Amino acid sequence: MDQTMWLCMLYPTILCFLWIKHSTSLLQSSWCPPERYPVCPIMLCDTGTPMIHIKARSSPYPGSQVKRFPVHNDKVRWSREWAEYDPVDYTAEIVKSGPEWADPDFRDSRRLKHVPRFNALDGVINRRSYLGAYDLDKDNLPRNPMGRTGMISRGLLGKWGPNHAADPIVTRWKREGGGKVIHKLSGKPILQFISIERKDCKQWAIPGGMVDAGEQLSATLKREFGEEALNSLKLPGPEKVRMRKQFRAIFSKENAVKIYTGYVDDPRNTDNAWMETQAVNFHDDAGDSVGDLNLHAGDDAGDVQWFDIDQNLQLYASHTGFLKMVVELRDAHW
(Lines give C-alpha, C1' and ligand atoms only; values in the text may rest on other atoms or scores of the structure.)
Protein backbone atom coordinates (compact mmCIF):
# COMPACT_ATOMS: atom_id res chain seq x y z
CA MET A 1 0.00 0.00 0.00
CA ASP A 2 2.84 2.34 0.91
CA GLN A 3 4.57 1.54 -2.38
CA THR A 4 1.39 2.28 -4.31
CA MET A 5 0.99 5.63 -2.56
CA TRP A 6 4.63 6.47 -3.28
CA LEU A 7 4.15 5.72 -6.99
CA CYS A 8 0.98 7.85 -7.07
CA MET A 9 2.93 10.77 -5.66
CA LEU A 10 5.93 10.27 -7.97
CA TYR A 11 3.96 9.96 -11.18
CA PRO A 12 2.48 13.51 -11.16
CA THR A 13 5.92 14.87 -10.28
CA ILE A 14 7.46 13.21 -13.35
CA LEU A 15 4.63 14.48 -15.55
CA CYS A 16 5.10 18.00 -14.20
CA PHE A 17 8.84 17.86 -14.90
CA LEU A 18 8.27 16.67 -18.46
CA TRP A 19 5.64 19.36 -19.07
CA ILE A 20 7.97 22.14 -17.85
CA LYS A 21 10.82 20.82 -19.99
CA HIS A 22 8.54 20.60 -23.03
CA SER A 23 7.19 24.12 -22.42
CA THR A 24 10.73 25.52 -22.25
CA SER A 25 11.53 23.87 -25.56
CA LEU A 26 8.46 25.44 -27.09
CA LEU A 27 9.53 28.88 -25.88
CA GLN A 28 12.82 28.43 -27.68
CA SER A 29 11.21 27.08 -30.84
CA SER A 30 9.79 28.89 -33.84
CA TRP A 31 6.39 28.93 -32.16
CA CYS A 32 7.62 31.47 -29.63
CA PRO A 33 11.02 32.79 -30.76
CA PRO A 34 13.23 34.55 -28.18
CA GLU A 35 13.67 38.31 -28.36
CA ARG A 36 15.93 39.36 -31.21
CA TYR A 37 17.74 42.67 -31.24
CA PRO A 38 16.63 44.67 -34.31
CA VAL A 39 20.01 44.86 -36.00
CA CYS A 40 20.50 46.33 -39.43
CA PRO A 41 21.84 44.01 -42.21
CA ILE A 42 24.79 46.36 -42.73
CA MET A 43 25.88 45.54 -39.20
CA LEU A 44 26.42 41.84 -39.87
CA CYS A 45 30.05 40.74 -39.88
CA ASP A 46 31.54 37.93 -41.97
CA THR A 47 30.63 35.30 -39.37
CA GLY A 48 26.97 36.26 -39.52
CA THR A 49 27.03 37.33 -35.86
CA PRO A 50 24.82 40.38 -35.26
CA MET A 51 26.71 43.48 -34.19
CA ILE A 52 25.61 46.80 -32.70
CA HIS A 53 26.23 50.41 -33.62
CA ILE A 54 29.73 51.61 -32.74
CA LYS A 55 30.27 55.01 -34.39
CA ALA A 56 26.97 56.18 -32.89
CA ARG A 57 28.57 55.82 -29.44
CA SER A 58 31.86 57.56 -30.27
CA SER A 59 33.19 60.65 -28.48
CA PRO A 60 33.64 63.53 -28.76
CA TYR A 61 30.47 64.27 -30.69
CA PRO A 62 31.19 65.65 -34.22
CA GLY A 63 31.85 69.38 -34.33
CA SER A 64 32.11 69.66 -30.55
CA GLN A 65 34.02 68.60 -27.46
CA VAL A 66 30.91 67.04 -25.92
CA LYS A 67 31.47 63.51 -24.68
CA ARG A 68 28.71 60.93 -24.55
CA PHE A 69 27.77 58.92 -21.51
CA PRO A 70 29.81 55.69 -21.94
CA VAL A 71 27.73 52.76 -23.17
CA HIS A 72 29.30 49.31 -23.23
CA ASN A 73 28.23 46.70 -25.77
CA ASP A 74 26.17 44.74 -23.26
CA LYS A 75 24.17 47.86 -22.31
CA VAL A 76 23.21 49.06 -25.79
CA ARG A 77 19.87 47.31 -26.21
CA TRP A 78 16.85 48.92 -24.56
CA SER A 79 15.62 45.59 -23.24
CA ARG A 80 18.57 45.59 -20.84
CA GLU A 81 17.56 47.38 -17.63
CA TRP A 82 20.04 50.09 -16.65
CA ALA A 83 18.93 52.44 -13.87
CA GLU A 84 22.29 54.27 -13.86
CA TYR A 85 22.02 55.32 -17.50
CA ASP A 86 22.45 59.12 -17.63
CA PRO A 87 22.82 60.25 -21.27
CA VAL A 88 24.16 63.69 -22.12
CA ASP A 89 21.57 66.17 -23.44
CA TYR A 90 23.03 67.94 -26.47
CA THR A 91 21.69 69.83 -29.47
CA ALA A 92 24.07 71.82 -31.66
CA GLU A 93 23.59 75.58 -31.84
CA ILE A 94 22.95 75.45 -35.59
CA VAL A 95 19.93 73.19 -34.92
CA LYS A 96 18.74 75.31 -32.01
CA SER A 97 18.78 78.40 -34.25
CA GLY A 98 15.74 76.99 -36.08
CA PRO A 99 16.75 76.52 -39.72
CA GLU A 100 13.97 75.41 -42.08
CA TRP A 101 15.33 71.85 -42.24
CA ALA A 102 15.15 71.35 -38.46
CA ASP A 103 12.26 70.46 -36.15
CA PRO A 104 11.49 72.67 -33.15
CA ASP A 105 12.19 71.32 -29.68
CA PHE A 106 9.04 69.26 -29.18
CA ARG A 107 9.69 69.25 -25.43
CA ASP A 108 8.91 72.98 -25.35
CA SER A 109 5.12 73.15 -25.67
CA ARG A 110 5.26 76.95 -26.08
CA ARG A 111 7.02 76.61 -29.45
CA LEU A 112 4.78 73.90 -30.87
CA LYS A 113 2.57 74.88 -33.80
CA HIS A 114 1.28 71.35 -34.17
CA VAL A 115 1.76 67.99 -32.49
CA PRO A 116 4.17 65.83 -34.56
CA ARG A 117 2.92 62.54 -35.99
CA PHE A 118 5.69 60.01 -35.44
CA ASN A 119 5.77 56.71 -37.35
CA ALA A 120 3.74 58.40 -40.07
CA LEU A 121 3.86 60.82 -42.98
CA ASP A 122 3.61 64.12 -41.10
CA GLY A 123 2.53 66.54 -43.80
CA VAL A 124 5.47 66.48 -46.24
CA ILE A 125 7.88 65.15 -43.59
CA ASN A 126 8.38 61.40 -43.62
CA ARG A 127 8.74 60.31 -39.99
CA ARG A 128 8.51 56.61 -40.81
CA SER A 129 11.54 54.38 -40.29
CA TYR A 130 12.89 51.86 -42.79
CA LEU A 131 13.19 49.49 -39.82
CA GLY A 132 9.48 49.62 -39.06
CA ALA A 133 7.61 51.23 -36.16
CA TYR A 134 9.87 52.64 -33.45
CA ASP A 135 9.02 53.20 -29.78
CA LEU A 136 8.58 56.54 -28.03
CA ASP A 137 10.30 57.35 -24.74
CA LYS A 138 8.79 58.81 -21.56
CA ASP A 139 8.74 62.27 -23.18
CA ASN A 140 6.86 60.87 -26.22
CA LEU A 141 9.95 61.35 -28.38
CA PRO A 142 11.32 58.73 -30.80
CA ARG A 143 13.69 56.15 -29.34
CA ASN A 144 16.59 54.92 -31.45
CA PRO A 145 15.64 51.37 -32.54
CA MET A 146 19.28 50.29 -32.49
CA GLY A 147 19.71 51.11 -28.82
CA ARG A 148 21.48 53.54 -26.52
CA THR A 149 24.05 56.04 -27.78
CA GLY A 150 24.96 57.91 -24.59
CA MET A 151 23.24 61.11 -25.79
CA ILE A 152 19.68 62.44 -25.98
CA SER A 153 18.13 65.22 -28.10
CA ARG A 154 19.29 65.70 -31.69
CA GLY A 155 22.94 66.71 -31.79
CA LEU A 156 23.55 67.90 -35.35
CA LEU A 157 20.48 66.18 -36.82
CA GLY A 158 17.45 68.24 -37.73
CA LYS A 159 14.62 65.77 -37.27
CA TRP A 160 13.46 63.89 -34.21
CA GLY A 161 13.47 60.21 -35.14
CA PRO A 162 14.72 59.04 -38.54
CA ASN A 163 16.67 61.51 -40.70
CA HIS A 164 16.55 60.17 -44.26
CA ALA A 165 19.48 60.39 -46.65
CA ALA A 166 20.33 59.09 -50.12
CA ASP A 167 23.74 57.74 -51.13
CA PRO A 168 24.54 57.40 -54.85
CA ILE A 169 27.39 54.93 -55.37
CA VAL A 170 28.78 55.68 -58.83
CA THR A 171 31.19 53.00 -60.05
CA ARG A 172 33.26 51.98 -63.04
CA TRP A 173 35.85 49.31 -63.80
CA LYS A 174 39.48 50.25 -63.38
CA ARG A 175 41.00 50.08 -66.87
CA GLU A 176 44.42 50.11 -68.46
CA GLY A 177 45.00 49.88 -72.19
CA GLY A 178 41.28 49.54 -72.81
CA GLY A 179 40.84 46.44 -70.63
CA LYS A 180 39.80 45.79 -67.05
CA VAL A 181 42.54 45.64 -64.41
CA ILE A 182 42.53 42.25 -62.67
CA HIS A 183 43.79 41.97 -59.10
CA LYS A 184 46.73 39.58 -58.81
CA LEU A 185 45.54 37.86 -55.63
CA SER A 186 41.77 37.58 -56.09
CA GLY A 187 41.79 37.23 -59.86
CA LYS A 188 38.80 39.56 -60.04
CA PRO A 189 38.42 42.97 -61.75
CA ILE A 190 38.90 46.08 -59.65
CA LEU A 191 35.96 48.46 -59.15
CA GLN A 192 36.39 52.18 -58.64
CA PHE A 193 33.91 54.59 -57.07
CA ILE A 194 33.61 58.35 -56.79
CA SER A 195 34.39 59.53 -53.27
CA ILE A 196 34.31 62.95 -51.64
CA GLU A 197 36.27 64.21 -48.64
CA ARG A 198 33.91 65.62 -46.04
CA LYS A 199 34.88 69.07 -44.84
CA ASP A 200 33.41 68.54 -41.37
CA CYS A 201 35.53 65.54 -40.39
CA LYS A 202 38.07 65.10 -43.22
CA GLN A 203 36.86 61.55 -43.83
CA TRP A 204 36.26 60.09 -47.29
CA ALA A 205 32.65 59.21 -48.04
CA ILE A 206 30.04 58.44 -50.68
CA PRO A 207 28.74 61.78 -52.04
CA GLY A 208 25.27 61.58 -50.50
CA GLY A 209 23.04 63.89 -48.53
CA MET A 210 19.72 64.50 -46.85
CA VAL A 211 16.36 63.95 -48.55
CA ASP A 212 14.44 67.23 -48.45
CA ALA A 213 10.85 67.21 -47.18
CA GLY A 214 8.56 65.99 -49.96
CA GLU A 215 11.46 65.23 -52.30
CA GLN A 216 11.67 62.05 -54.37
CA LEU A 217 14.66 59.80 -53.71
CA SER A 218 15.77 59.92 -57.35
CA ALA A 219 15.89 63.72 -57.23
CA THR A 220 17.99 63.64 -54.06
CA LEU A 221 20.47 61.21 -55.59
CA LYS A 222 21.00 63.42 -58.62
CA ARG A 223 21.11 66.64 -56.64
CA GLU A 224 23.56 65.45 -54.01
CA PHE A 225 25.90 63.85 -56.52
CA GLY A 226 25.85 67.02 -58.60
CA GLU A 227 26.37 69.34 -55.64
CA GLU A 228 29.03 67.35 -53.82
CA ALA A 229 30.93 65.50 -56.54
CA LEU A 230 30.47 67.71 -59.60
CA ASN A 231 29.81 71.10 -58.01
CA SER A 232 26.95 71.55 -60.47
CA LEU A 233 25.96 74.85 -58.88
CA LYS A 234 29.10 76.54 -60.23
CA LEU A 235 29.47 75.02 -63.69
CA PRO A 236 29.20 77.29 -66.76
CA GLY A 237 26.13 76.97 -68.99
CA PRO A 238 27.54 74.68 -71.72
CA GLU A 239 29.08 72.39 -69.12
CA LYS A 240 25.74 72.09 -67.31
CA VAL A 241 24.01 71.07 -70.56
CA ARG A 242 26.60 68.36 -71.18
CA MET A 243 26.39 67.20 -67.59
CA ARG A 244 22.59 66.85 -67.75
CA LYS A 245 22.91 64.52 -70.73
CA GLN A 246 25.44 62.38 -68.89
CA PHE A 247 23.28 62.44 -65.79
CA ARG A 248 20.36 61.02 -67.76
CA ALA A 249 22.58 58.13 -68.84
CA ILE A 250 24.15 57.53 -65.45
CA PHE A 251 21.10 58.04 -63.22
CA SER A 252 18.51 56.29 -65.34
CA LYS A 253 16.03 53.94 -63.67
CA GLU A 254 17.36 51.09 -65.78
CA ASN A 255 20.87 51.66 -64.43
CA ALA A 256 19.88 52.04 -60.76
CA VAL A 257 20.39 49.09 -58.41
CA LYS A 258 19.26 49.54 -54.82
CA ILE A 259 22.02 48.23 -52.56
CA TYR A 260 20.76 48.98 -49.08
CA THR A 261 17.86 50.53 -47.20
CA GLY A 262 18.01 51.03 -43.44
CA TYR A 263 19.84 52.32 -40.40
CA VAL A 264 23.28 53.96 -40.64
CA ASP A 265 25.88 53.70 -37.88
CA ASP A 266 26.56 57.44 -37.97
CA PRO A 267 28.55 59.45 -35.37
CA ARG A 268 25.77 62.07 -35.35
CA ASN A 269 23.13 59.65 -34.05
CA THR A 270 21.53 60.07 -30.64
CA ASP A 271 18.90 58.25 -28.59
CA ASN A 272 16.21 60.44 -30.18
CA ALA A 273 17.53 61.10 -33.70
CA TRP A 274 19.33 58.84 -36.12
CA MET A 275 20.38 58.49 -39.76
CA GLU A 276 18.77 56.13 -42.26
CA THR A 277 19.57 55.87 -45.94
CA GLN A 278 18.92 54.28 -49.29
CA ALA A 279 22.16 53.45 -51.10
CA VAL A 280 21.84 53.02 -54.87
CA ASN A 281 24.54 51.84 -57.26
CA PHE A 282 24.89 53.51 -60.68
CA HIS A 283 27.45 51.53 -62.65
CA ASP A 284 29.14 52.59 -65.88
CA ASP A 285 30.08 49.20 -67.27
CA ALA A 286 31.63 50.49 -70.51
CA GLY A 287 33.33 53.46 -68.87
CA ASP A 288 32.16 55.89 -71.54
CA SER A 289 29.87 58.16 -69.48
CA VAL A 290 31.04 58.49 -65.88
CA GLY A 291 34.68 58.41 -66.92
CA ASP A 292 34.14 61.54 -69.00
CA LEU A 293 32.90 63.64 -66.10
CA ASN A 294 35.22 66.34 -64.79
CA LEU A 295 35.27 66.06 -61.01
CA HIS A 296 35.05 69.26 -58.97
CA ALA A 297 34.53 69.34 -55.22
CA GLY A 298 31.30 71.01 -54.08
CA ASP A 299 30.59 73.25 -51.11
CA ASP A 300 30.27 70.34 -48.68
CA ALA A 301 33.32 68.47 -50.00
CA GLY A 302 37.02 69.22 -49.63
CA ASP A 303 38.15 66.96 -52.48
CA VAL A 304 36.72 64.40 -54.89
CA GLN A 305 38.36 61.53 -56.78
CA TRP A 306 38.06 57.97 -58.04
CA PHE A 307 39.05 55.35 -55.45
CA ASP A 308 39.90 51.68 -55.98
CA ILE A 309 37.54 49.55 -53.87
CA ASP A 310 39.07 47.02 -51.49
CA GLN A 311 38.69 45.82 -47.91
CA ASN A 312 41.25 48.32 -46.58
CA LEU A 313 39.06 51.35 -47.24
CA GLN A 314 38.23 53.41 -44.14
CA LEU A 315 35.16 55.50 -44.91
CA TYR A 316 32.60 57.63 -43.07
CA ALA A 317 29.74 55.97 -41.17
CA SER A 318 28.59 52.66 -42.77
CA HIS A 319 29.86 53.49 -46.26
CA THR A 320 32.50 50.74 -46.37
CA GLY A 321 29.74 48.17 -45.83
CA PHE A 322 27.73 49.62 -48.72
CA LEU A 323 30.73 49.23 -51.04
CA LYS A 324 31.18 45.60 -50.00
CA MET A 325 27.60 44.96 -51.12
CA VAL A 326 28.36 46.57 -54.50
CA VAL A 327 31.48 44.42 -54.86
CA GLU A 328 29.46 41.27 -54.20
CA LEU A 329 26.83 42.38 -56.70
CA ARG A 330 29.43 43.04 -59.42
CA ASP A 331 31.65 40.06 -58.52
CA ALA A 332 34.64 42.37 -58.16
CA HIS A 333 37.80 42.35 -56.07
CA TRP A 334 37.47 43.02 -52.35
Side-chain angles (χ1 to χ4, degrees), residues 40 42-43 52-73 75-76 78 82 84-108 111 116 125 127 129 134 137-139 141-165 167 195-212 224 227-228 263-277 297-303 314-321:
C40 196
I42 194 67
M43 310 295 279
I52 51 180
H53 55 199
I54 297 173
K55 295 182 180 181
R57 292 180 284 149
S58 60
S59 289
Y61 189 84
S64 76
Q65 295 302 314
V66 179
K67 293 187 176 180
R68 300 173 186 265
F69 187 84
V71 180
H72 297 292
N73 289 347
K75 300 288 183 63
V76 171
W78 295 110
W82 190 14
E84 297 78 18
Y85 183 54
D86 186 21
V88 176
D89 190 336
Y90 175 67
T91 299
E93 289 301 322
I94 188 173
V95 178
K96 287 182 178 179
S97 66
E100 61 179 11
W101 47 266
D103 286 334
D105 190 341
F106 292 139
R107 295 170 297 187
D108 186 355
R111 299 180 60 185
I125 301 174
R127 300 192 187 279
S129 170
Y134 47 85
D137 64 14
K138 58 182 178 59
D139 296 318
L141 294 174
R143 193 169 70 170
N144 190 322
M146 289 296 289
R148 299 180 176 95
T149 67
M151 179 176 288
I152 58 174
S153 292
R154 286 171 292 164
L156 283 166
L157 298 179
K159 300 291 187 293
W160 296 92
N163 289 254
H164 296 117
D167 290 307
S195 181
I196 56 103
E197 183 186 36
R198 294 178 62 100
K199 286 184 178 179
D200 56 355
C201 61
K202 301 300 180 183
Q203 287 185 290
W204 289 91
I206 295 166
M210 307 304 295
V211 179
D212 291 339
E224 288 298 331
E227 289 180 0
E228 293 199 343
Y263 182 88
V264 180
D265 185 12
D266 193 291
R268 296 170 293 180
N269 292 353
T270 72
D271 288 4
N272 304 121
W274 60 91
M275 289 296 304
E276 298 186 5
T277 195
D299 293 335
D300 295 331
D303 195 9
Q314 298 293 322
L315 302 177
Y316 181 78
S318 303
H319 292 187
T320 302

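Predicted model, so just to flag it, every value in this text is computed and none were measured. Index from 1, following the sequence.
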Closest approach of [X] and [Y], non-hydrogen atoms and distance?
X	Y	result
A205	S195	O-OG, 3.0 Å
G155	V95	O-CG2, 3.6 Å
G208	D167	CA-OD1, 3.4 Å
K199	K202	O-CE, 4.0 Å
T149	H53	CG2-CE1, 3.7 Å

Checklist entry - In terms of the angle between their ring planes, are Y61 and Y90 parallel, tilted or perpendicular, with boundaries placed at 30° and 60°? => result perpendicular
So, the side chain of [X] versus the backbone of [Y]: is there a donor-acceptor pair under 3.5 Å, distance only?
X	Y	value
N272	R143	no
R68	S58	yes
R127	P116	no
H319	I206	yes

Checklist outcome for this item: When rounded to the nearest 0.5 Å, the distance separating CG of D137 from CD1 of I152 is 8.0 Å
Checklist outcome for this item: So CG of L315 and CD of Q203: to nearest 0.5 Å the spacing works out to 8.5 Å
Item to check | side chain to side chain contact (heavy atoms under 4.5 Å, CB included) evaluation trace for W101 with M210 | outcome: CA-CA 10 Å; W101 47 266; M210 307 304 295; over 6 Å; no
Next on the checklist: If only side-chain N and O atoms count, and only distance matters, is there a donor-acceptor pair under 3.5 Å linking S153 with D89?
Outcome noted: yes
Checklist entry - Quick one: do the D200 and Y316 side chains pair a donor with an acceptor below 3.5 Å? => result no
Any side-chain heavy-atom pair from [X] and [Y] closer than 4.5 angstrom?
X	Y	result
Y263	S318	no
R107	W160	yes
I54	D265	yes
D271	Y85	yes
E276	S129	yes
M275	N269	yes
L157	T270	no

Next on the checklist: Between N163 and R268, is the side chain to side chain contact (heavy atoms under 4.5 Å, CB included) condition met? List the steps.
Outcome noted: CA-CA 11 Å; N163 289 254; R268 296 170 293 180; over 6 Å; no
Item to check | Intermediate values then yes/no, side chain to side chain contact (heavy atoms under 4.5 Å, CB included), R57 and N73 | outcome: CA-CA 10 Å; R57 292 180 284 149; N73 289 347; 2.7 Å; yes
Next on the checklist: Test side chain to side chain contact (heavy atoms under 4.5 Å, CB included) on W204 and D303; report intermediate values, then the result.
Outcome noted: CA-CA 9 Å; W204 289 91; D303 195 9; 3.8 Å; yes
Next on the checklist: Restricting to side chain to side chain donor-acceptor pair (under 3.5 Å), what partner residues turn up for Y134, sequence neighbours left out?
Outcome noted: none
